[in-house]
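Numbered from 1 within each chain, the chains take letters A, B, ... in sequence-line order. Computed from heavy atoms alone, side chains included, the values below leave out hydrogens, waters and symmetry copies. Model, not experiment: these values are computed from the prediction.
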Amino acid sequence: MSEITLAKSYSPSEHEPSILARWQAAGCFHAEAKSAGEPYAIFIPPPNVTAALHLGHALNNTLQDILIRVARMRGMNALWVPGTDHAGIATQSVVEKRLALQGKRRTDFTRETFVAKVQEWKDEYEAVILSQLRSMGASCDEARTRFTMDPVCTAAVREAFFRLFQDGLIERGKRIVNWDPVSQTALADDEVEMEEVDGFFWYLRYPLEDGSGHITVATTRPETMLGDTAVGINPRDPRAAALRGKSVRLPIVGRVIPIVEDDYVVMPAAMGGDPADAKAEFATGFLKVTPAHDANDFEIGRRHALEAINVLAPDGSISDRHGWSDVSAHAKQFVGLSREDARTAIVAWFKAQGLLESVKPYRHGVGHSYRSHVPVEPYLSDQWYVRVTDPRLSASALRSMNPAQFDGTQVSSQGGARGGDGELTFFPARYAKTFQHWHEGIRDWCISRQLWWGHRIPVWSRIVDSSAPPSASQWTARGAAEMRRTLPDGRIEIFVCIPESLDATLIPALVESGFTQDADVLDTWFSSALWPMSTLGWPNPARFAMDGMLETFNPSAVLSTAREIITLWVSRMVMFNRYFLNGRLPFRHVFIHCVVQDGFGQKMSKSLGNGVDPRDIIATHGSDAMRFVLTQISTATQDVRLPVDVLCPFTNETFSPTTITTPAGQVVAAPIQSCPTDPTRKMVTAFGASTGAVTATTEMPLARNSSARFDIGRNFATKLWNASRFALAQLGTTATPAHDVVPIALADRWILSRFTRTVQRIEESLAQYQFNPIAEALYEFVWRDFCDWYLEAIKPTVKSDPVQQAVLRAVMDGILRIMHPVMPFVTEVLWTAVQSVPAMSVRGLDLPASALATQARWPVPSTALNDGQAIAAFERVQALVVAIRNIRGERKVNDRRRIVLHALPEIMRIIDEAGGIVETLAGLERVEVVASNRPADAVGFSFAGCELFVSALAEALDVDAERTRLEAIIADRSRAVGGFEGKLSNPGYLAKAKPEVVEQTRRMLSEAQADLAAGRRALELLASSV
RNA sequence: GGGCGCUUAGCUCAGCUGGCUAGAGCACUGCCCUUACAUGGCAGGUGUCACAGGUUCGAAUCCUGUAGCGCUCACCA
C-alpha cells in the first residue's frame, strides 16, 4: 500500500495552489533555444488588456496547453509564450468611459498623463490575466511574458515600420476611410461591423443649370449633398446624350456641378438596367457624386478630376472649416448641425422647396464602429497605409497556402520557390478558404489611428515651399528614410522615418529643422502582426538576451485561435513574418477552435449577462473540471451551446433561470430570480446588473453564472481520484519489483490492449487538432474500461497476484500520464502517490519515473501489447455479463444475492478462459454445466446463439414476469431475423456487397435465429410447467 | 447578394472516406448506502437522423433542391 493516504474525495481548491507552487519551483515550463529536443512553439494569441479572460479564452488556452504539455512529455523543446495586447481603441475607450463617469475627457489631460492612466489600467488587467492563466494550469513560460508595447515588442515595431517605409510599402494617402466620429479615429475595414438599419431613400431634384428642367438623384444620406461635386449618369443611358456637357445647380449650396458619364452608375430597371440588381430597383439613373464622403464617389471623382469637398468635422457635424469654402447664405443654417439633425433639416428644406420628389423606406446595412457602435462615416482624410496589395505581401500569403487546401490553381512563385511556400495548413480545412478569399480581395491596410494609446508613428514631417526644396540626401545620408509628396497647393510635404537606433541623434536634429512627429499611433494589429517575431527578440535577439530564440522557435508549430482572427491577425502575421524573415512562416498550422455560445445559441457577452466566468468555475468545480469539459465540447463541426445556469448565492445550488426576451429578440435571464428552495429570497442576475435595471444589495445579492455541464468534469476528477485510491490500496509496497512482467490473465491483457489503443486514438486526434475525441477516449478508457470493468474484475485476485499488481501499477501510471495534459492538477497530486509505490515494469510499456507528472514521458506502448484476441475474448465476457445482469435487473435480484449459471460446455470455455471474472462481475455463486434437464427455478436466456439458464434468482420463480420477458425477447428477435432475412434474400445484396459484410449478416441471422428458438422453447417449457 | 457551416433522443453533442439492430453525457424510471467512489454502482425506456428528390444491393453518411438557424464577406443608389 502507498505510504501516502488520500482523502476520500478530491478537493481542487485544496491542492491547486500547492501544485502551482511545485511547478513554479521546478521551472519546468521554461524553454531555452539550446535545450534538447525538437523545437515546438506556440504563441498565445495575446488577450486584450481591456478585461479579464472569459470562457472563450479559457477554451483556447486549455487546448493550447494540451498541445504544449503533450509536446513537452514527448521530449520536445516546448515553448509557450504568454503575453497581452495593448488593444489601442478598446483599452483607450474603456479608460475614457471610466473618466467620463468622473465628468472628465481625454483632452482634459496631457497626452503623457492620459497614457499613464491607461498604463495603470493595463498593469491591473495584465496582472489579472496572467494570474488567470496560471490558475487555469496554462504551462506558459512566464519568464518570457511579453506585452505588445514593451521595449522588446516596440523594437520590432520600429524596425518593421522603418523597413516597410524604406521599401516603399508604406504610404501616406488622402483617401476615404471608415471614420468613427465618437472615437474620432480611422478604422480598418475589418473593424467595421455591418448592421441592418431601417432607412429611407430620398429622391432629390437638382435643377439643370440652363433651366431646362431637373434631374432626380436617390440617396440614403441626403446631408452629404452639400459636398456634391457632380452628378453621374451611365453613358449607355438613353438620356445621356441629351445631357452631355450640361450642368446642374446644386440646391442650397448653389454650386454649379457637371453631369459626368461613368459606367459605375446603375441604370434603373426601366431604362435597361439589370433587374436582378437591387440598386436598379431604386435607382433613378442619376447618381449624386460626393467624392469626400463616399468611397465609390471618390473613385468617380478621380476618374473625372472632380473636387472633393469635405463638409463634415471629425465629430460628424456639418462644418465649413474642413475643406468647404463655397458656403452660400442658404447653406450657413446647416453648419454646426450634427449629421443626424442635418439630415432631417436638409430633407425638410427640399420638401419646402418642392424638390423632394419622393421618399421610400429602405432597409440596408450600415457600417458601425466595432468600438463605439455608432455609424461609421466615410471620411476623406490623410492616413498611413501598408500596401498589402503589393505581391510581396498578399501574393506571398497566398503562396504559403498548402496546395491541397487551395481553391483553384495556385499561382507559382515568381523568381523561384521560397521557404515557407505551400506550408500553411488550416484545421479544420474549410477555413483555408476564408484565408484565401481575404487575400484575393485584399485592400490596402489603413494603419494610422487618431489615438493616444499605442505605438507612436515614427515619422516626422514638414511642409516646405516648392520653390526651395531642401536637398534629398540630408536625412537618408544619416540613416533615415525619406518620402515626399506634392500637396494640392503646390507645396511639398517631406516625411522622414527614423529607425529606433537613431532616435537620440536624429530626433533633436529633425525638431531643430522644423519637423514634427506624426501625432497618430499605429493600428494595434500592426504590433500583433509581429508577435511571433517580436516575442523572440526580432530584429536583434541578442540585444534582449534571446540569442538563438528566433532561429529555434520561429516558425512555431501552430496558432490556435478564433474564426474572425483569420483576417484580422493570421493574415498579417503570415505577410509580415514572410516578408521580414525571407519567406518563413510564423506557424505551419492554424487551428480554429469553436465558439462557446449560451444555451440559446447567442454569443456570450457582458451586456447580455450570459457569460460564464472561468474564475467562478475554477472556484466551484476546479480547474481540471473546467478544462476537461472545455476539451469535451471542442468539436470540429459546429459551435457549441453551453446552457448557462445561475448559482444561488444563498444555497450554492445551480438552477436554470427563468428567462425573458429583450426587445432585440435575445433570450436572457430575467433580472431577478428566486432561490429555488426558498422562493421568498431573491437575487440579481448578471443581465439585471448589466442593464442597470436592478442593483444588487445584501438582501438581494448578485448571482453568479455557472453551468451544470461542468459537473461532468468534476465527477470525472473524483472518479479518477477514487480509482487511484483503490488501486493504491491494492499495491504492495514491500514486494520486490519484478521486471518485464508478462501478463497472462485475460483482464490484464485486455486493459493493456485498451490502453494501447487509447493512446493511439489520442495521438491520431491530436494530430488533427480534434479535441472532443480526446476527451471521449480518456473518459471511456478511464471510467468505463478501467473503473467499471478492470478494477471490478480484479478485485478478488489482485492482492495475491504480483503480476496483476504490476499491470495495475503500470496502467494507473499510464492513465495519469495520458490524463495529465487535460487535467494537470489532479494527476499531479496523484502522481506523487502512485510514484511512491515501487515500480514493477510491464514488458512493452516503458514508463520512466519522474518527480512530477508534468515532466513525465508520454507513454509509447509497444504494439505487441495491442492484443486483438484479448479484446475479442473480453468483449464476449462483457456481453455475457451484461446478459446475466440484465436478467438480474429485470428480476430485481438484490445486488448481493449470488445466483447460479447453467451453461453449455462451449460457453464454459469462455468462462474458464476469463479466469473467474464472469463469476465476479455477474455475481455468480457457481457455474454448472447445463444438464439435459434444466433446473426447476431456472430462467432461460440466450447468448451468442446458445441457450443458458440462471437459477436461484429468488426463492420462487415469478411465472408472469418470466412470460412477459420471454415474449419481449421473442418479438425483438423475430424482428431482427426478419431484417436479416430480408437483406439476404436480396440478390443484389448478395452479388454486390462485400463478402465479409454478407458473411457477417449470415452470422448475425443464425445467432438471432438461435436466440429466437431458445426464447420460444423457454416459453413452451414455462407453459408446460404451470 | 457571395461564401462557409449547422439541423440526429427532452437537453448538449459524437457519428471521417456509405454496411453490425444509430451512439455518449446530462435529464428521466427501477433496484442498490456491496469495505475506491452516492460527485457512486447495476439495469432500463426514449429517435420518420429538418424536408423532398436522386445515386446505390444498401444512405444519418454521397449528389441535387427546399425550409429554418448561425457565422462571415460585400453592399449606405
With both distances under 3.5 Å as the test, what is the Watson-Crick or G-U wobble partner of [N]?
N      : answer
U55(B) : none
G40(B) : C32(B)
C13(B) : G23(B)
G1(B)  : C73(B)
A67(B) : U7(B)

Heavy atoms under 4.0 Å, any strand shown: does [X] hit a base, just sugar-phosphate, or nothing?
X       : answer
I712(A) : sugar-phosphate
Y431(A) : nothing
V376(A) : base
T637(A) : sugar-phosphate
R221(A) : base
R641(A) : sugar-phosphate
K795(A) : base
V265(A) : base
F600(A) : nothing
N986(A) : sugar-phosphate
E792(A) : base
R888(A) : nothing
P987(A) : nothing
D639(A) : sugar-phosphate

Does [X] have a side-chain nitrogen or oxygen under 4.0 Å from the phosphate oxygens OP1 or OP2 of [N]?
X       : N      : result
N886(A) : G44(B) : yes
R784(A) : G25(B) : yes
R563(A) : U72(B) : no
N715(A) : G40(B) : yes
Q632(A) : A14(B) : no
T635(A) : A14(B) : yes
W783(A) : A36(B) : no

Could E1007(A) and R1002(A) be called an ion pair, given the rule that one side-chain N must be under 4.0 Å from one carboxylate O? no
Would you say S985(A) and K983(A) are linked by a side-chain donor-acceptor pair, where the criterion is simply a distance under 3.5 Å? no
Under 3.5 Å, is there a donor-acceptor pair linking the side chains of E440(A) and Q436(A)? yes
Sticking with atom [atom1], work out how far [N] lies from [M], rounded to a whole angstrom.
N      : M      : atom1 : result
C49(B) : A60(B) : P     : 7 Å
C16(B) : A59(B) : C1'   : 16 Å
G53(B) : G10(B) : P     : 24 Å
C37(B) : C32(B) : C1'   : 15 Å
G5(B)  : U64(B) : P     : 12 Å
G30(B) : C71(B) : P     : 42 Å
A38(B) : G47(B) : C1'   : 31 Å
U61(B) : U8(B)  : P     : 14 Å

Does K719(A) make a side-chain donor-acceptor contact with the base of C37(B), cut-off 3.5 Å? yes
Donor-acceptor pair (no angle test) under 3.5 Å: Q770(A) side chain, A14(B) base: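 No such pair is found, so the answer is no.
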The side chain of [X] is closest to which nucleotide in this list: [options]?
X       : options                : value
Q638(A) : G41(B), A14(B), A43(B) : A14(B)
Y362(A) : A77(B), U12(B), U39(B) : A77(B)
R714(A) : A36(B), A77(B), U39(B) : U39(B)
A723(A) : U39(B), A36(B), G70(B) : A36(B)

Pair R725(A)-N722(A), side chain to side chain donor-acceptor pair (under 3.5 Å): steps then yes or no: CA-CA 5 Å; R725(A) 216 156 63 87; N722(A) 280 298; 3.0 Å; yes
Reading RNA chain B from 5' onward, which residue's closest nucleotide shows up sooner: W789(A) or K433(A)?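 Its nucleotide being nearer the 5' end, the pick is K433(A).
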I want to confirm an ordering. Mapping A708(A) and N296(A) to their closest nucleotides on RNA chain B, which one lands closer to the 5' end?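 In this pair, the answer is A708(A).
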Please tell me whether [X] and [Y] form a close aromatic pair, meaning their ring centres lie under 6.0 Å apart.
X       : Y       : answer
F628(A) : F716(A) : yes
W721(A) : H15(A)  : yes
Y769(A) : F427(A) : yes

Classify the ring geometry of F201(A) against Y203(A): parallel below 30°, tilted from 30° to 60°, perpendicular beyond 60°. tilted
Within the 4.0 Å limit for protein heavy atoms, which parts of nucleotides 18-23 of chain B are touched? Write it as a string from 5' to 3', B for base, S for sugar-phosphate only, - for none. -BBB--
A cation-pi test, strictly: NZ or CZ of K719(A) under 6.0 Å from the centre of the six-membered ring of Y779(A) and no more than 45 degrees from its axis. Yes or no?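 No, K719(A) does not sit over the ring of Y779(A).
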For atom NZ of K360(A), decide whether the heavy atoms of other residues, nucleotides or ligands shown that lie under 6.0 angstrom number more than 12.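 Result for NZ/K360(A): enclosed.
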Below 4.5 Å, heavy atoms only, C-beta onward: do V644(A) and V612(A) meet side chain to side chain?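 They are in contact (side-chain heavy atoms under 4.5 Å apart), so the answer is yes.
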